Colleague: 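The structure's right below; bear with me while I get my questions together.
Everything numeric in this text was worked out from a predicted model, so none of it was measured. Note: hydrogens, waters and symmetry copies are ignored here, and every other heavy atom, side chains too, is used. We number each residue from 1, following the sequence as shown.
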Amino acid sequence: MTSNRYLAVIGDLVDSKKIIGEQRKQVQSRLEETLDSVNQLYREFIVSDFLITLGDEFQGLLRPNAPLYEIISCVIEGINAESYKEKFVEVRFGIGLGRILTDIKKVALGMDGPAFHYARKALDMSHNRKGHAIIFKAEPSTIIEQDETTINTLLGLLAVSRKFWIHKANRFNEILPYLRENKNQRDIASLLNCTQPLVSKLVASAYWSEIKELESTVDALIKTCLDTPKARGNRKKNSYASPV
């Protein structure tokens, strides 16, 4: 079973019906462009390409070793690129770990299996949380329960961080794309026609250094949790073994 494990990702724009007129056209266009970009940038980790499936919902299929949170960030920030004077578009994600029981398709459409069933269940659960949320659910026996809890704790913490950027440090989102490109603060200030001290203040108020450090470790920890259940189970058992 472990060789037939995939990460199904289903995303949904929050309150998309409230996005109207020209902004809706722009958001739809950015969503399509962002998914195309993700498909190219993360080609080695993508099993079936991301695509829009229904209204403002989209999905893709990843290998278990994919940089999951990095891809999620790429989607969110791509959708919101150059839209800082508009209402920030939040996204819910349901992630399912499990098998695919049908033939693998080039695009994430027309397939079935527990990976997508649990991603859908996770997405449904995310609707009980206000705004941006990331929920992970796994097919039984594909991961130990403690690791599923760990993954959800980490993704939940990063989701809260994202909400903070959106609602409490909103202008930070204007400089975030440049920080992702590793531009220095002086160059960012020049690009945005503002002062370097202002950029520094925005970076500090968003706790960027701390969250960036957390982001850099999350995908590695998730990959460890998604190691084969048997190996993980043995390590867990051995770690609590009594000395002879």
Colleague: If we ignore hydrogens and angles and just use 3.5 Å, is the side chain of T150 paired with the main-chain N or O of Q146 as donor and acceptor?
Modeller: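 The answer is yes, because a donor-acceptor pair under 3.5 Å joins these two groups.
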
Colleague: What side chain to side chain donor-acceptor pair (under 3.5 Å) pairs are there with at least one residue in residues 118-130, not counting sequence neighbours?
Modeller: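 Sorted pair list: E57-R120.
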
Colleague: L68 vs V9, test: side-chain contact (heavy atoms from CB on, under 4.5 Å). Steps then yes/no.
Modeller: CA-CA 9 Å; L68 180 61; V9 179; 4.2 Å; yes

Colleague: Is it true that a side-chain atom of R5 and a backbone atom of L226 form a donor plus acceptor pair closer than 3.5 Å?
Modeller: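 Looks like yes, one N/O pair under 3.5 Å.
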
Colleague: Could you give me the CA-CA distance, side-chain angles and deciding distance for I10 and F93, then say whether side-chain contact (heavy atoms from CB on, under 4.5 Å) is met?
Modeller: CA-CA 6 Å; I10 305 179; F93 288 90; over 6 Å; no

Colleague: Check whether M125 and L13 end up in the same hydrophobic cluster, where Ile, Leu, Val, Met, Phe, Trp and Tyr are linked by side-chain heavy atoms less than 4.5 Å apart.
Modeller: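 No, no single cluster joins them.
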
Colleague: Apply salt bridge (Lys or Arg N to Asp or Glu O under 4.0 Å) to the pair E174 and R171, showing each step before the final yes or no.
Modeller: CA-CA 5 Å; E174 189 174 357; R171 194 167 179 196; 3.2 Å; yes

Colleague: Side-chain heavy atoms under 4.5 angstrom apart, residues restricted to Ile, Leu, Val, Met, Phe, Trp, Tyr: same cluster for F164 and L179?
Modeller: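 Yes, because F164 and L179 connect within a single hydrophobic cluster, where side-chain heavy atoms sit under 4.5 Å apart.
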
Colleague: Among all residues two or more places apart in sequence or in another chain, which pass the side chain to side chain donor-acceptor pair (under 3.5 Å) test with E32?
Modeller: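 Result, side chain to side chain donor-acceptor pair (under 3.5 Å) vs E32: none returned.
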
Colleague: Got more than 12 heavy atoms from elsewhere within 6.0 Å of CZ, R180?
Modeller: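 Atom CZ in R180 is crowded, with more than 12 foreign heavy atoms closer than 6.0 Å.
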
Colleague: Given 3.5 Å as the limit, does a donor-acceptor pair link the side chain of H132 with the main chain of V91, or not?
Modeller: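 At least one qualifying donor-acceptor pair exists.
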
Colleague: Taking salt bridge (Lys or Arg N to Asp or Glu O under 4.0 Å) as the definition, give me every residue that meets it alongside E22, ordered by chain and number, with sequence neighbours left out.
Modeller: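 E22 satisfies salt bridge (Lys or Arg N to Asp or Glu O under 4.0 Å) with no residue once adjacent residues are dropped.
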
Colleague: Rounded to the nearest 0.5 Å, how far does CG of D187 lie from CG of L192?
Modeller: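 Spacing of CG (L192) from CG (D187) equals 11.0 Å.
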
Colleague: Taking a hydrophobic cluster as the set of Ile, Leu, Val, Met, Phe, Trp and Tyr residues connected by side-chain heavy atoms closer than 4.5 Å, whether directly or through intermediates, do L202 and L191 fall within one such cluster?
Modeller: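 Yes, one cluster joins them.
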
Colleague: Tell me, which pairs form a ring pair (Phe, Tyr, Trp, His ring centres under 6.0 Å) where one or both residues lie in residues 166-190, sequence neighbours left out?
Modeller: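 Those involving residues 166-190 are W165-F172, F172-W208.
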
Colleague: Flag yes if more than 12 heavy atoms outside E145 fall under 6.0 Å of its CD atom; otherwise flag no.
Modeller: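 It does not: E145 CD has 12 such atoms or fewer within range.
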
Colleague: Report the residues that fulfil side chain to side chain contact (heavy atoms under 4.5 Å, CB included) with N152, sequence neighbours left out, ordered by chain and then residue number.
Modeller: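 Partners of N152 under the side chain to side chain contact (heavy atoms under 4.5 Å, CB included) test: I135, F136, E148.
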
Colleague: Any side-chain heavy-atom pair from D112 and I100 closer than 4.5 angstrom?
Modeller: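 The answer is no, as the side chains (C-beta and beyond) never meet within the 4.5 Å cut-off.
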
Colleague: Test: side chain to side chain donor-acceptor pair (under 3.5 Å). Region: residues 195-206. Which pairs qualify, not counting sequence neighbours?
Modeller: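 Listed once each, the pairs are Q185-Q196.
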
Colleague: Of all the heavy-atom pairs spanning N173 and P177, show the shortest one and how long it is.
Modeller: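 For N173 versus P177, the nearest heavy atoms are O-CD, 3.3 Å.
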
Colleague: Where do I188 and N184 land on the side-chain contact (heavy atoms from CB on, under 4.5 Å) test, with the steps shown first?
Modeller: CA-CA 6 Å; I188 294 173; N184 62 50; over 6 Å; no

Colleague: Which heavy atom of A159 sits nearest a heavy atom of A133, and at what distance?
Modeller: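 For A159 and A133, the tightest heavy-atom pair comes out as CB-CA, 4.4 Å.
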
Colleague: Could you tell me whether the side chain of N193 and the main chain of A189 form a donor-acceptor pair under 3.5 Å?
Modeller: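 Side chain of N193 to backbone of A189, a donor-acceptor pair under 3.5 Å: no, none is there.
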
Colleague: Tell me, with the steps shown, if E77 and R162 meet side-chain contact (heavy atoms from CB on, under 4.5 Å).
Modeller: CA-CA 10 Å; E77 291 161 22; R162 181 78 59 177; 2.7 Å; yes

Colleague: Without swapping roles, check the side chain of T142 against the backbone of A138 for a donor-acceptor pair under 3.5 Å.
Modeller: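 Looks like no, no N/O pair under 3.5 Å.
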
Colleague: Under the 4.5 Å side-chain heavy-atom rule for ILVMFWY, direct or indirect, which residues accompany V14?
Modeller: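 Joined to V14, directly or through intermediates: none.
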
Colleague: Can you find a pair of side-chain heavy atoms, one from L176 and one from N80, that are under 4.5 Å apart?
Modeller: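 No, every pair of side-chain atoms sits at 4.5 Å or beyond.
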
Colleague: Under the 3.5 angstrom rule, does the side chain of N39 hit a backbone N or O of F50 as a donor-acceptor pair?
Modeller: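 Side chain of N39 to backbone of F50: a pair is present.
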
Colleague: Measuring from atom CG of L35 to atom CZ of R30, what distance do you get when rounded to the nearest 0.5 angstrom?
Modeller: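 So the CG of L35 and the CZ of R30 are separated by 13.0 Å.
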
Colleague: Between the main-chain N or O of A108 and the side-chain N or O of Q59, is there a donor-acceptor pair closer than 3.5 Å?
Modeller: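 Yes, the answer is positive, given that a donor and an acceptor are paired below the 3.5 Å cut-off.
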
Colleague: L109: which other cluster members, linking ILVMFWY side chains closer than 4.5 Å, directly or transitively?
Modeller: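 The other cluster members (ILVMFWY side chains, heavy atoms under 4.5 Å, direct or chained) are L51, V107.
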
Colleague: Under 3.5 Å, side chain of D219 to main-chain N/O of Y69, donor-acceptor pair present?
Modeller: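 Checked: pair present.
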
Colleague: Taking all non-hydrogen atoms of both residues, which atom of D147 and which atom of C225 are closest, and how far apart?
Modeller: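 Heavy-atom minimum between the residues: OD2-O, 3.6 Å.
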
Colleague: Looking at every heavy atom in both A119 and A8, which two are closest together, and how far apart are they?
Modeller: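 Nearest heavy atoms, A119 then A8: CB-O, 3.6 Å.
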
Colleague: Residues in salt bridge (Lys or Arg N to Asp or Glu O under 4.0 Å) with E70, at least two apart?
Modeller: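 Salt bridge (Lys or Arg N to Asp or Glu O under 4.0 Å) list for E70, sorted by chain: empty.
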
Colleague: So, using side chain to side chain contact (heavy atoms under 4.5 Å, CB included) as the criterion, who are the partners of L41 when residues are at least two apart?
Modeller: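 With sequence neighbours excluded, L41 shows a side chain to side chain contact (heavy atoms under 4.5 Å, CB included) to S37, C74, given in chain and number order.
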
Colleague: For a 4.5 angstrom cut-off between non-hydrogen side-chain atoms, does Y6 reach L62?
Modeller: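 No - every pair of side-chain heavy atoms lies 4.5 Å or more apart.
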
Colleague: Determine whether L97 and K137 make a side-chain contact, defined as any pair of heavy atoms from C-beta on separated by less than 4.5 Å.
Modeller: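 Counting from C-beta outward, L97 and K137 never come under 4.5 Å.
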
Colleague: How many angstroms lie between atom OG of S216 and atom CD of E213, to the nearest 0.5 angstrom?
Modeller: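 These two atoms lie 6.0 Å from each other.
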
Colleague: Would you list the pairs meeting salt bridge (charged side-chain N to carboxylate O under 4.0 Å, His left out) in which at least one residue belongs to residues 33-49, sequence neighbours left out?
Modeller: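 Sorted result for residues 33-49: R43-D49, D49-K106.
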
Colleague: Would you name the heavy atoms of A206 and I211 that are closest together and state the gap between them?
Modeller: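 Residues A206 and I211, closest heavy atoms: O-CD1, 3.5 Å.
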
Colleague: What distance separates L7 CG from F45 CZ, expressed to the nearest 0.5 Å?
Modeller: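 Between L7 CG and F45 CZ, I get 11.5 Å after rounding to 0.5 Å.
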
Colleague: Around K223, counting heavy atoms of other residues, nucleotides and ligands shown, do more than 12 lie under 6.0 Å from its NZ?
Modeller: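 Yes, NZ of K223 has more than 12 neighbouring heavy atoms, counting only those of other groups under 6.0 Å.
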
Colleague: Counting distance only, does the side-chain N/O of D15 pair as donor-acceptor with the main-chain N or O of K18 below 3.5 Å?
Modeller: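 Absent.
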
Colleague: Give me the one residue out of T149, I134, L221 that meets side chain to side chain contact (heavy atoms under 4.5 Å, CB included) with L154.
Modeller: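 Going through the options one by one, the only one that passes is L221.
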
Colleague: Would you say I104 and L61 make side-chain contact, with heavy atoms under 4.5 Å?
Modeller: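 Yes - at least one pair of side-chain heavy atoms lies under 4.5 Å apart.
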
Colleague: State which residues pass salt bridge (Lys or Arg N to Asp or Glu O under 4.0 Å) with R24; sequence neighbours excluded, sorted by chain then number.
Modeller: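 D56.
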
Colleague: Between M111 and S48, which heavy-atom pair has the shortest distance, and what is it?
Modeller: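 That would be CE-OG, 3.3 Å.
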
Colleague: What distance do N65 atom CG and I222 atom CD1 have between them, rounded to the nearest 0.5 Å?
Modeller: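 The CD1 atom of I222 is 12.5 Å from CG of N65, to the nearest 0.5 Å.
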
